[in-house]
Amino acid sequence: MENYLLGIDNGGTVTKAALYTLTGKEAAIASRKTKMMMPKPFRTERDLDELWKANVEVIREVIEKSRIDAGQISGVSVTGHGNGLYLIRKDGKPAYNGIISTDQRAKTYIDEWYRNPRFETEVLPKTMQSVWAGQPVALLAWLRDHEPEVIEQTDDILMVKDFLRFKLTGETHLELTDVSGTSLLNVRERCFDKDLLAFFGLEDMISKLPPLRQSTDICGYVTEEAAQLTGLKAGTPVAGGVFDIAASAVASGLVEENKLCIVAGTWSINEYITKMPVIDKHLFMTSIYCLDDYWLITEASPTSASNLEWFIDRFMIKEKIVAESQGQSVYELCNELVASVSSEESDLLFFPFLFGSNTVSNANACFIGMNSWHQRGHLLQAVYEGIVFSHMYHIERLVKYRKKLEAARIAGGVAKSDVWLQMFADCLQMPLEIVEAKEQGTLGTAMCAGVMTGCYESIKKAADKMVKIDRIIKPNKEKAPIYRRKYEHYKAALKKMENVWKAGG
Ligand SMILES: Nc1ncnc2c1ncn2[C@@H]1O[C@H](COP(=O)(O)OP(=O)(O)O)[C@@H](O)[C@H]1O
Ligand SMILES: O=C(CO)[C@H](O)[C@@H](O)COP(=O)(O)O
């Protein structure tokens, strides 16, 4: 009987599960949108019972769809958005709603930390990354000051994938690649460090950080209770899993240094791998990669498809309900509307900063240059283009640290849209290599399960077997001057707006 690996991915917007054969063939896939709650300005939270229910449903669905016996699943592995915060009490119940990494309630702490000269001399060499509002260090500091009873009740500090692993196995662990992106870890020494935590005023919380594990370690077994709910077989081993930005990268074939990887989901993630870490206060992050000897160098911000999601929820909700009632997706309508307007026809700009930005700290989203003749398609086109330009802005910073990148691999929900993919290729003027896997997060983490169960010697060997290029999207040369002009316009407007935002506007 053939063996299968199960990958589970909890992003900021969508929960997915997928079953793979050992050659990377997708046997079944299922997804559920999860609700982002905004109980107060700048807060993005999720109900953890609803999140667990979504996971139970997608796991059950993939087992049913694939018609395999659950005993054929030799291993399970998890991934999910990095950062944010998932707190549980001693009795295993949530101590708070899950906090998604787009949360900005703690943004005032950031400027204060950056003003402290010790940040550059003592913190940055250990964390190798910027500090920002959605990181657990900022959220924990905020809870310590505003809702101390939550911290008192907390027994374990987890990331989303660790919470899910805990629901499946009853065990609590943190995993290295994920924690290496949180500012909680001394990344160079790969350990927690009381002096580092003390900088953020969090030294007392070291006892609430569960043990650190590797991506491919066995971190527990599916319990009887979880088995009954999900249809998995009790006793199936569950791996440590991997940070989603690394999962998508390895499943896109980021096993060499000459490729750019773009992940366009809730977040805009832009990354490459190298054997030398980059420590620079202007760079977003260096984190631990899931291939031995490699570091993942990332430029990122919450400026990608979360903005489209907001646009749909505010201005296309009827269309969304109708589409979903007919078993269709509202994204197809969005893609049709964008395809119906040409790239030359409108100069409308959009800054995709609804959940944070990659410029000054109090930047806001805005449309610039609206005219009476603009239709919904033009607004959507500006949203799509603004998201691409925000990725390009990150990529421009990223290439400063290395030689030119030859081609890009792209993952995340946006990669499901042909019109958006062509826009990326035309704006970047770079070929986009599209892999066969529909969901790279689930595939990347399934590789960890494959190594954990001894099916592969290493994640690199798993990637060699499981990643296949499906097609290449070539850039359209005629579009180069059009998008170059639009991108220059975007950057010039951004510079002007930065002065307004800096002045408190
Ligand atoms: N067919 C599509 N066309 C355009 N955008 C899409 C399509 N499918 C998904 N998306 C966008 O991708 C987002 C989901 O991306 P995903 O990477 O799954 O998110 P996350 O992992 O952050 O939860 C959706 O919110 C939506 O904005
Ligand atoms: O920590 C992060 C970046 O450093 C983000 O949370 C990222 O992991 C989100 O991923 P997304 O929700 O877009 O899948």
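Just follow the structure's listing: the first ligand is 1, and inside any ligand the first atom is 1. For the numbers below, each heavy atom of this structure counts, side chains included, while hydrogens, waters and symmetry mates do not. Count residues from 1 along the sequence. From a predicted model like this one, the values you see are computed outputs, not experimental measurements.
Numbered from 1 in the order shown, with element, the atoms of ligand 2 that lie under 4.0 Å from a heavy atom of Gly82 read 1 (O), 2 (C), 5 (C), 6 (O), 7 (C), 8 (O). For ligand 1 and Val414, the ligand atoms under 4.0 Å from any heavy atom of the residue are 12 (O). Of all the atoms in ligand 1, the ones that sit under 4.0 Å from a non-hydrogen atom of Gly12 are 20 (P), 22 (O), 23 (O). Applying the 4.0 Å criterion to heavy atoms of Phe243 picks out, from ligand 2, the atoms 1 (O), 4 (O), 8 (O). Residue-ligand proximity, Leu308 to ligand 1, at heavy-atom distances under 4.0 Å covers atoms 5 (N), 27 (O).
Contact detail for Val255 and Ile273: the closest heavy-atom pair is C-CD1, 3.7 Å. In terms of heavy-atom proximity, Ala18 sits nearest to Thr442 at CB-OG1, 3.7 Å.
Proximity of Ser101 to ligand 2, defined as any heavy-atom pair under 4.0 Å, is confined to the side chain (atoms from C-beta onward). Heavy atoms of Thr13 found under 4.0 angstrom from ligand 1 belong to the backbone as well as the side chain. If you look at Asn335 next to ligand 1, the close heavy atoms, those under 4.0 Å, all belong to the side chain. In Thr266, the parts holding a heavy atom less than 4.0 Å from any atom of ligand 2 are both the side chain and the backbone.
In this structure, the protein non-hydrogen atom closest to atom 4 (O) of ligand 2 is Phe284 CE2, 3.6 Å. Closest to atom 12 (O) of ligand 2, if we only count protein heavy atoms, is Gly12 N, 2.9 Å. Atom 8 (O) of ligand 2 has as its closest protein heavy atom Asp244 OD1, 2.6 Å. Closest to atom 4 (C) of ligand 1 among all protein heavy atoms lies Ser417 CB, 3.6 Å. Given atom 13 (C) of ligand 1, the protein heavy atom at minimum distance is Ala305 CB, 3.8 Å. Among all non-hydrogen protein atoms, the one lying nearest atom 2 (C) of ligand 1 is Tyr331 CB, 3.3 Å. Among all protein heavy atoms, the one lying closest to atom 1 (O) of ligand 2 is Asn83 ND2, 2.8 Å.
Geometrically, ligand 1 and Thr266 share a nitrogen or oxygen pair separated by less than 3.5 Å. Residue Ala264 has no N or O atom closer than 3.5 Å to an N or O atom of ligand 1. Annotation: Trp420 places no N or O atom under 3.5 Å from an N or O atom of ligand 1; distance criterion only.
Comment: Lys16 engages Asp9 in a salt bridge, judged by a side-chain N to carboxylate O separation of less than 4.0 angstrom. Taking 4.0 Å as the cut-off between side-chain N and carboxylate O, Glu385 and Lys486 count as a salt-bridged pair. Salt-bridge annotation for Arg471 and Asp418: present, with a side-chain N of the basic residue lying under 4.0 Å from a carboxylate O of the acidic one.
The aromatic rings of Phe389 and Tyr487 sit tilted, their planes meeting at an angle between 30° and 60°. Using the six-membered ring where Trp is involved, Phe119 and Tyr114 have ring planes that are perpendicular, over 60° apart on the 30 and 60° scheme. Classification of the Phe200-Trp113 ring pair by plane angle, with boundaries at 30° and 60°, yields perpendicular.
Residues Glu175 and Thr177 have side chains that bring a donor and an acceptor to within less than 3.5 angstrom of each other.
Looking at Asp426, its side chain never comes within 3.5 Å of a backbone N or O of Lys479 through a donor-acceptor pair. Side chain of Glu57 to backbone of Ala54: no donor-acceptor contact under 3.5 angstrom is found. Put simply, the side chain of Ser180 gets close to the backbone of Ile288: a donor and an acceptor are under 3.5 Å apart.
The nearest non-hydrogen atom to atom 10 (N) of ligand 1, considering only Gly412, Ser248, Gly413, comes from Gly413. The residue among Met36, His81, Lys16 with a heavy atom at the shortest distance from atom 21 (O) of ligand 1 is Lys16. Between atom 1 (N) of ligand 1 and the options Glu332, Glu309, Gln440, the minimum heavy-atom separation is to Glu332.
Considering only heavy atoms from C-beta on, Tyr86 comes within 4.5 Å of Ile100 through its side chain.
Judged by the shortest distance from any of its heavy atoms, Cys334 lies outside the 4.0 Å radius around the atoms of ligand 1.
Aromatic pair Phe311/Phe315: ring centres closer than 6.0 Å.
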